[in-house]
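Values below: every heavy atom of this structure, side chains too, minus hydrogens, waters and symmetry copies. Within every chain, numbering begins at 1; the chains are lettered A, B, ... in the order of the sequence lines, protein sequences first and strands thereafter.
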2 protein chains.
Amino acid sequence: MAYVNRTNAESGVNLLALRSHNAALVLDLLRTAGEGGISRLELAERTGLTPQAVSKITARLRADGLVAEAGRRASTGGKPRTVLRLVPEAGHAVGLHLDRDEMTVVLCDLTGAVVAERRVPLDLGAGADAVVESAAGEVEALLARAGVSVLGAGVALPGPLDHSRGVLHRVTGFPEWDGFPLRDALAGRLGVPVVVDKDTNAAALGIAVVGRESGIGKTGDVAPGPLESFAYLHLGTGLGAGLVIGGGVHRGARTGAGEFGHQVIQLDGPPCGCGNRGCIEALCLAAVDRGAVGEAARVLGVGAANLVGLLDIDLVLLGGRTVAAHEEAFVRGVGAVLEERARLEGVDDGAIPVRVAPGGARGVAEGAAQLLLAPLFGRGED
Amino acid sequence: MAYVNRTNAESGVNLLALRSHNAALVLDLLRTAGEGGISRLELAERTGLTPQAVSKITARLRADGLVAEAGRRASTGGKPRTVLRLVPEAGHAVGLHLDRDEMTVVLCDLTGAVVAERRVPLDLGAGADAVVESAAGEVEALLARAGVSVLGAGVALPGPLDHSRGVLHRVTGFPEWDGFPLRDALAGRLGVPVVVDKDTNAAALGIAVVGRESGIGKTGDVAPGPLESFAYLHLGTGLGAGLVIGGGVHRGARTGAGEFGHQVIQLDGPPCGCGNRGCIEALCLAAVDRGAVGEAARVLGVGAANLVGLLDIDLVLLGGRTVAAHEEAFVRGVGAVLEERARLEGVDDGAIPVRVAPGGARGVAEGAAQLLLAPLFGRGED
DNA sequence: TGCACTTTGGCAACAGCGTTGCGAAAGTGG
DNA sequence: CCACTTTCGCAACGCTGTTGCCAAAGTGCA
């Protein structure tokens with residue numbers, strides 16, 4: 001269903017926008033329910049709409065082929081509830097992860113599940129045009145084999161960029177990318193809408209939407225379903241963060257939020273590649289280099305504790321190759337710092353949990369696909 | 001106009017909610033326009049609604065006494081536009097600032113302007129019941145003199161608390177306040193709705209809504225009107241922050257966001273009263289104590305730069321007694337750090353501006369009143 | 001087997017939202 | 001004085017979610 005465009009300050013809601021919003025909300029609940037499905041009455045309870053309104057909305061969605069009936073629940077003494085389910089094949093999106101040395105392309109269905117995948121070596125230094133051509137070729141090959149058309153393609157890559165305009169600022173170590181209008185270049189080449197974002201934001205979005213993690217509600221209860229707020233900290237060749245606040249990725253005024261690696265946590269500390277001193281990234285990677293993983297985890301933990309204290313989020317997730325190589329040490333070390341901080345502040349409900357991010361190596365590409373899928377479920381740029 | 005309550009996950013929008021939203025949006029534009037007013041056609045352009053819809057909405061608002069016609073614009077060749085204006089006297093709210101040694105009570109009209117004020121000494125250590133009684137007495141005296149009824153009272157005070165439940169966690173140095181249900185106690189005593197928040201959040205809300213500051217748009221242009229995103233850093237007897245993201249105060253999952261003073265920026269640094277080491281608050285206040293204001297400003301600047309990098313906000317505002325005593329030194333020192341950081345990161349549009357927060361000593365109380373006024377304009381807990 | 005009861009969910013009528021078509025009102029300019 | 005422009009309200013309309021009602025589809029007891 002077409003989502004209503006929102007220009008600058010136009011936030012008046014007419015009936016069309018209202019319908020889109022409610023339809024997206026219902027679709028989101030259907031998606032979250034997964035294969036188990038959800039009944040009309042449950043949808044009514046969760047949305048606050050009347051059962052009759054839900055019946056009308058789901059009738060439209062069924063007519064559009066996005067939703068189907070799928071069996072019935074057990075009776076509770078009357079007519080059993082009819083279970084509704086999202087039709088996964090009703091839409092697809094491409095997720096493209098351009099890493100420094102590798103390209104991952106995935107094709108995801110409406111539920112976000114990967115239905116096709118391809119991974120090939122990549123040299124980001126080969127130049128923008130060559131990489132765009134190569135990526136477009138891979139995408140087209142994947143689509144041809146799958147035999148489907150797509151809503152569009154999401155692209156995730158390292159380094160600061162302008163999400164709203166789809167223009168790269170720079171890719172560290174590859175100056176030839178400075179200012180490259182990747183979105184328009186790829187959209188022109190593929191002929192479908194393209195959305196560009198940082199790799200950390202894509203990974204965070206994927207986790208926020210698909211949420212293989214258990215959510216933690218406001219009351220402190222562990223609840224299933226999507227996560228409301230968390231930080232995804234990615235430690236690989238560099239250190240960055242994706243922030244999810246209120247169920248959506250926080251990108252900030254100039255879409256540059258998440259500069260976590262260059263948070264200064266040691267005044268006049270050792271110099272960092274960025275020209276500053278005492279950045280978390282420099283301290284953390286130096287500790288890893290000299291084999292002091294515990295110290296690296298402590299440094300990362302101090303940064304995480306700063307972030308948690310500042311934003312009051314629910315959860316910290318760790319990812320990236322360096323974390324993957326020492327999962328237990330990092331989770332334990334970061335967790336210890338958060339527990340100590342919570343103890344000092346006398347927080348009643350205990351420390352914020354720390355876990356390894358789900359998704360693994362494919363998580364960024366899956367999240368990139370969500371850049372196009374998420375808006376269908378009302379999880380776009382609200 | 002009654003704003004629709006939102007329970008946990010019920011975010012379905014029905015026609016009543018739609019009407020409330022659009023009415024609040026129009027009211028917000030009228031408030032922002034101030035004494036100059038705004039015409040129906042301008043409202044239509046700004047909201048994206050049709051002129052006829054705006055006419056119907058404003059007709060309802062006029063019937064409710066919230067809006068009035070106020071002259072006409074110059075003609076541009078046809079019938080001149082009728083100017084509409086918010087009626088300030090159509091509603092009032094109380095703002096109560098409980099500081100460690102002083103209580104400030106203000107009565108604000110719909111536009112947020114202070115129409116009555118009272119300031120008296122206060123001893124927070126006198127105990128919760130005595131303070132509530134004293135505060136309620138001051139509020140009642142103010143209301144009796146002004147001869148108006150109010151929408152409710154907003155209360156701002158230092159220290160961490162639970163905004164959603166209106167319960168204090170603790171007030172540093174006054175353990176007898178631990179866990180005190182201030183909202184319910186005061187609401188029961190006054191007989192009007194009460195909302196409780198941290199002093200820094202209240203100050204930030206006041207600035208965000210009334211915005212005597214010039215806003216800075218996404219394009220980098222300086223634009224009038226409310227601010228989209230900024231951090232209010234308050235340096236007094238302690239150090240705290242109020243964060244405004246997307247036009248609203250960010251409180252976080254447990255309404256504890258803004259713990260800025262205890263961000264660690266010096267690993268294994270000097271001990272802080274909180275039990276940790278290297279907190280900004282400890283470093284900054286120690287520097288002030290030994291007369292090194294420049295160093296204090298640099299420390300504050302490093303914290304501010306961390307915050308700006310993490311959240312990508314538009315503006316940093318400084319407030320509090322310590323800042324007020326050395327305004328120029330702090331603005332210059334913090335600004336220098338931000339400029340250096342922006343230069344290192346190669347940000348095109350230059351550094352984030354740093355300014356002294358408007359509002360002065362009364363700012364917190366005014367912001368507290370906005371805890372009740374802002375929801376009328378759609379600036380509540382969206 | 002039959003009947004009372006419970007629960008689900010669609011049909012139809014309805015109130016209320018913003019939209020569209022149109023005309024009155026209120027200016028400017030020749 | 002009249003043609004023209006622009007604003008803005010009235011009336012009809014399409015569409016939203018809501019309400020009242022009833023058929024459908026089960027359970028459970030006699």
Length of the CG-C1' vector between B:L49 and C:dT20, whole Å: 15 Å

B:E42 and B:S39: side chain donor to acceptor below 3.5 Å: yes

Sugar-phosphate only, base, or nothing, as touched by B:L15 at under 4.0 Å among non-hydrogen atoms: base

Touch class at under 4.0 angstrom, heavy-atom based, for A:S39 against every strand present: nothing

B:H163 versus B:V196, closest heavy-atom pair with distance: ND1-O, 2.8 Å

Separation of C:dC11 P from A:R40 CZ (nearest whole Å): 11 Å

A:E42 CD - C:dG9 P separation (whole Å): 10 Å

Side-chain N,O (B:N22) to OP1/OP2 (C:dC17) below 4.0 Å: no

Integer-rounded Å distance: C:dA15 P and B:R19 CZ: 15 Å

Nucleotide C:dT19, atom C1' - distance to CG of A:L18 in whole Å: 15 Å

N/O (side chain, A:N14) to phosphate O (OP1/OP2, C:dC17) under 4.0 Å: no

Side chain B:Q52 and base C:dC22 donor-acceptor under 3.5 Å: no

Residue mapping more 5' on DNA chain C - nearest nucleotide basis, A:V13 or A:E69: A:E69

Presence of salt bridge, A:R379 and A:D28, under 4.0 angstrom: yes

N or O in side chain of B:R73 less than 4.0 angstrom from D:dT6 OP1/OP2: no

Base C:dT19 paired with B:K56 side chain (donor-acceptor, <3.5 Å): yes

Between C1' of D:dG14 and CG of A:L16, the distance in whole Å: 12 Å

Nearest heavy-atom neighbours spanning B:V87 and B:L110: O-CD1, 3.7 Å

N or O in side chain of A:T82 less than 4.0 angstrom from C:dG9 OP1/OP2: yes

Electrostatic pair A:R165:A:D184 at N-O distance under 4.0 angstrom: no

Along DNA chain D (nearest heavy atom to each residue), the more 5'-positioned of B:T58 and A:K79: B:T58

Below 4.0 Å: OP1/OP2 of C:dG18 and any side-chain N or O of B:T50: no

Protein-nucleotide distance (B:R81, atom CZ; D:dG9, atom P), rounded to Å: 14 Å

Charged N-O contact under 4.0 Å between B:E69 and B:R40: yes

Interatomic distance where CG belongs to B:L25 and C1' belongs to C:dG18 [whole Å]: 14 Å

Side-chain N or O of A:R72 closer than 4.0 Å to phosphate OP1/OP2 of D:dG26: yes

Phosphate OP1/OP2 of C:dG9: any A:S55 side-chain N/O under 4.0 Å: no

